[in-house]
Number of protein chains: 2
Amino acid sequence: MASKISATEAAVLGLLTRGEMSGYDLQREAEAAGGFFWAPTKSRIYAVLPTLVDRGYATSREVLQTGRPNKHLYTITKKGRAVVKAWLEEPPVFEPERAPLLLKLYFGDLLPPEKLLEHVRAMKTQATSLKKRLEEHPDRHDAYAELAYTHTLEWLKALIRWASSTERELAQRLR
Amino acid sequence: MASKISATEAAVLGLLTRGEMSGYDLQREAEAAGGFFWAPTKSRIYAVLPTLVDRGYATSREVLQTGRPNKHLYTITKKGRAVVKAWLEEPPVFEPERAPLLLKLYFGDLLPPEKLLEHVRAMKTQATSLKKRLEEHPDRHDAYAELAYTHTLEWLKALIRWASSTERELAQRLR
DNA sequence: ACCACCATGTAACAGGTTACATGATTAA
DNA sequence: TTAATCATGTAACCTGTTACATGGTGGT
């Protein structure tokens with residue numbers, strides 16, 4: 001009954017419920033979702049796929065090709081579906097943010113205040129551009145994906161607000 | 001010039017700038033900060049300390065004790081200070097949240113809507129209790145630590161708002 | 001009697017990144 | 001001619017978690 005899978009394995013299996021795919025396809029799918037909630041490296045994907053087959057969560061067939069490596073197409077099995085479903089139903093683990101910026105702030109007394117201000121501005125810039133990317137994002141797949149997108153959007157808005165007010169505060173301290 | 005250090009190493013060195021400490025002390029410090037931006041396991045700390053000494057970022061001396069393992073006290077060196085400072089000055093890497101909940105939402109069509117609602121409620125509960133812990137938190141060390149705390153607080157508030165509105169939306173869909 | 005505190009660590013495992021290696025096809 | 005797309009993977013490394021192992025002191 002164990003059948004523990006990692007978030008990455010769950011994501012792979014989740015995408016496979018939408019149809020037969022290759023490792024290459026999976027990575028494109030993840031990119032298409034903007035890398036907002038899952039951003040695997042290809043080596044990880046290619047490492048994971050065979051282990052899913054080994055455990056009976058997917059089957060694979062090889063498509064012969066010329067001029068490039070043969071393609072391996074993976075199909076999710078009933079067992080695989082059951083396992084993702086089980087993973088999805090587990091209560092999600094909640095953890096506080098552990099971004100490097102927080103550590104840099106926490107030890108702020110160790111560096112010049114201008115540097116800190118720079119960091120806050122940099123993060124605001126990045127959050128803003130990510131927000132733009134997200135808002136312009138085409139692949140709103142379905143109503144559920146939409147929920148995930150809004151979540152990220154609200155998070156970004158909060159960050160930007162925080163950055164703006166912190167920026168003001170730090171700038172004031174510099175005067 | 002390489003001298004790359006990880007976030008954990010930076011955190012350890014950062015704390016060591018406040019005085020001589022043992023591995024045990026370091027963990028207590030991290031806990032005292034509420035584990036909000038750094039939550040190392042002890043095995044990690046004990047693994048990291050000797051490597052800092054090897055690289056000349058800290059020195060250690062042993063305090064003999066009876067009835068318990070000898071204590072190792074670590075002191076940061078000049079080189080160590082330079083290295084943390086360099087790490088702190090590097091522009092922080094910014095990354096979108098990659099919480100499991102987002103994946104569960106994204107694949108929401110694979111599970112019963114009540115389950116999803118449950119997940120959202122669970123996360124709201126946890127965020128709320130974390131917020132309470134944070135607000136009641138005594139060790140506001142200095143103005144910089146304060147900035148880090150506000151950051152986390154704003155993040156939590158945004159999550160809770162999002163959870164509330166999502167809860168309503170999902171509940172409506174269930175009717 | 002029991003629990004929290006003090007204080008160290010090792011070993012096995014899991015998860016993930018970076019760099020390397022190969023090479024044809026097709027559109028601008 | 002240059003870049004993107006297609007398509008696979010291996011090897012080395014880094015970071016981190018979980019479980020195990022030990023045992024005295026001091027307070028309720």
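The chains referred to below are lettered A, B, ... by the order of the sequence lines, with proteins before strands, and numbering in each begins at 1.
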Asks: Indicate the atoms forming the closest heavy-atom contact of A:A33 with A:H137, along with that distance.
Replies: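 For A:A33 versus A:H137, the nearest heavy atoms are C-NE2, 3.6 Å.
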
Asks: Kindly write out the residues that satisfy ring pair (Phe, Tyr, Trp, His ring centres under 6.0 Å) with B:Y57, not counting sequence neighbours, or none if the list is empty.
Replies: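 None.
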
Asks: Would B:R98 pass as a cation-pi partner of B:Y106, given that its NZ or CZ must be under 6.0 Å from the six-membered ring centre and within 45 degrees of the axis?
Replies: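 Judged by the rule, B:R98 and B:Y106 form no cation-pi pair.
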
Asks: Residues two or more places apart in sequence or in another chain: which of them pass side chain to side chain contact (heavy atoms under 4.5 Å, CB included) with B:L15?
Replies: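 For B:L15 the side chain to side chain contact (heavy atoms under 4.5 Å, CB included) partners, ignoring immediate neighbours, are A:F107, B:R18, B:M21, B:L26, B:E29, B:W38.
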
Asks: If we only count heavy atoms from C-beta on, is the A:L156 to A:T128 side-chain gap below 4.5 Å?
Replies: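 A:L156 vs A:T128: side chains apart.
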
Asks: Please report the distance, rounded to the nearest Å, between CG in A:L26 and P in D:dC6.
Replies: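 The answer, rounded to whole Å, is 14 Å.
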
Asks: Round to a whole Å and report the spacing from CZ of B:R98 to C1' of C:dG15.
Replies: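 From B:R98 CZ to C:dG15 C1': 15 Å.
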
Asks: Please determine, for the side chain of B:R44, which listed nucleotide (D:dT8, D:dG16, C:dT17) has the closest atom?
Replies: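 The nucleotide sitting nearest to the side chain is D:dG16.
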
Asks: Which side-chain N or O atoms in residues 69-76 of chain A pair as donor and acceptor under 3.5 Å with protein atoms at least two apart or in another chain?
Replies:
| residue | atom | partner | partner atom | Å |
| --- | --- | --- | --- | --- |
| A:N70 | OD1 | A:Q65 | N | 2.8 |
| A:N70 | ND2 | A:E62 | OE2 | 3.2 |

Asks: Measure the distance from OH on A:Y24 to P on C:dT22 and round it to the nearest whole Å.
Replies: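 It works out to 20 Å between those atoms.
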
Asks: Over how many whole Å does the gap from A:K71 atom NZ to D:dT5 atom P extend?
Replies: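 In whole Å, D:dT5 P and A:K71 NZ are 16 Å from each other.
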
Asks: Between A:T51 and A:D54, do the side chains contain an N or O donor and an N or O acceptor separated by less than 3.5 Å?
Replies: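 Checked: A:T51/A:D54 side chains show no N/O donor-acceptor pair below 3.5 Å.
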
Asks: Under the salt bridge (Lys or Arg N to Asp or Glu O under 4.0 Å) test, which residues partner A:E118, sequence neighbours left out?
Replies: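 So A:E118 forms a salt bridge (Lys or Arg N to Asp or Glu O under 4.0 Å) with A:K115.
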
Asks: Along nucleotides 9-14 of chain D, 5' to 3', which nucleotides get a B, which get an S, and which get a -, given that the test is a protein heavy-atom distance under 4.0 Å?
Replies: BB----

Asks: Starting at atom CG of B:D25, determine the distance to atom P of C:dA7, rounded to an integer number of angstrom.
Replies: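 Distance check: B:D25 CG to C:dA7 P gives 7 Å.
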
Asks: I want to confirm an ordering. Mapping A:P69 and A:P40 to their closest nucleotides on DNA chain C, which one lands closer to the 5' end?
Replies: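 With A:P69 and A:P40 compared, the 5'-side residue is A:P40.
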
Asks: What residues from residues 7-23 of chain A pass a heavy-atom cutoff of under 4.0 Å to DNA chain D?
Replies: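 A:S22, A:G23, in order of number.
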
Asks: Taking the basic N atoms (NZ, or NE/NH1/NH2) and the acidic carboxylate oxygens, is any pair closer than 4.0 Å for A:E89 and B:K104?
Replies: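 The answer is no: the pair does not qualify as a salt bridge.
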
Asks: What is the distance, to the nearest angstrom, from the CD1 atom on A:I5 to the P atom on C:dC13?
Replies: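 From A:I5 CD1 to C:dC13 P: 21 Å.
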
Asks: Nearest-Å distance, CG (B:N70) to P (D:dT22)?
Replies: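 After rounding, the reported distance stands at 18 Å.
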
Asks: Side chains of B:V53 and B:L49: does their closest heavy-atom pair fall under 4.5 Å?
Replies: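 Side chain of B:V53 against side chain of B:L49, heavy atoms only: no contact under 4.5 Å found.
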
Asks: Name all residues meeting the side chain to side chain contact (heavy atoms under 4.5 Å, CB included) criterion together with B:L174; count only those two or more places apart in sequence or in a different chain, and write none if there are none.
Replies: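 In terms of side chain to side chain contact (heavy atoms under 4.5 Å, CB included), with neighbours along the sequence ignored, B:L174 is linked to B:P113, B:E114, B:L117.
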
Asks: Work out how much the helix from C:dA1-D:dT28 to C:dA28-D:dT1 bends between its end axes, five pairs an end, to the nearest 10 degrees.
Replies: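 End axes: 50° apart.
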
Asks: The criterion is side chain to side chain contact (heavy atoms under 4.5 Å, CB included); which residues satisfy it with B:Q27, sequence neighbours excluded?
Replies: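 Result, side chain to side chain contact (heavy atoms under 4.5 Å, CB included) vs B:Q27: B:E31, B:K42, B:I45.
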
Asks: Who passes side chain to side chain contact (heavy atoms under 4.5 Å, CB included) against A:K157, sequence neighbours left out?
Replies: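 By the side chain to side chain contact (heavy atoms under 4.5 Å, CB included) rule, A:K157 matches A:K131, A:L153, A:E154, A:R161.
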
Asks: Quick one: ring pair (Phe, Tyr, Trp, His ring centres under 6.0 Å) partners of A:H141, sequence neighbours excluded?
Replies: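 Listed in chain order: nothing, the list is empty.
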
Asks: Could you state the atom-to-atom distance from CG of B:L103 to C1' of C:dG15 in whole Å?
Replies: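 So the CG-C1' distance, B:L103 to C:dG15, works out to 15 Å.
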
Asks: Checking all strands, does A:R28 fall into the base, sugar-phosphate, or nothing category for heavy-atom contacts under 4.0 angstrom?
Replies: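 Sugar-phosphate contact only - A:R28 comes under 4.0 Å of backbone atoms but never of a base.
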
Asks: Just N and O in the side chain of B:T41: are any of them under 4.0 Å from OP1 or OP2 of D:dT17?
Replies: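 The answer is yes; a side-chain N or O of B:T41 sits under 4.0 Å from OP1 or OP2.
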
Asks: Where along residues 50-67 of chain B does a heavy atom fall under 4.0 Å from DNA chain C?
Replies: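 Those residues whose heavy atoms fall under 4.0 Å from DNA chain C, taken from residues 50-67 of chain B in numerical order, are B:Q65.
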
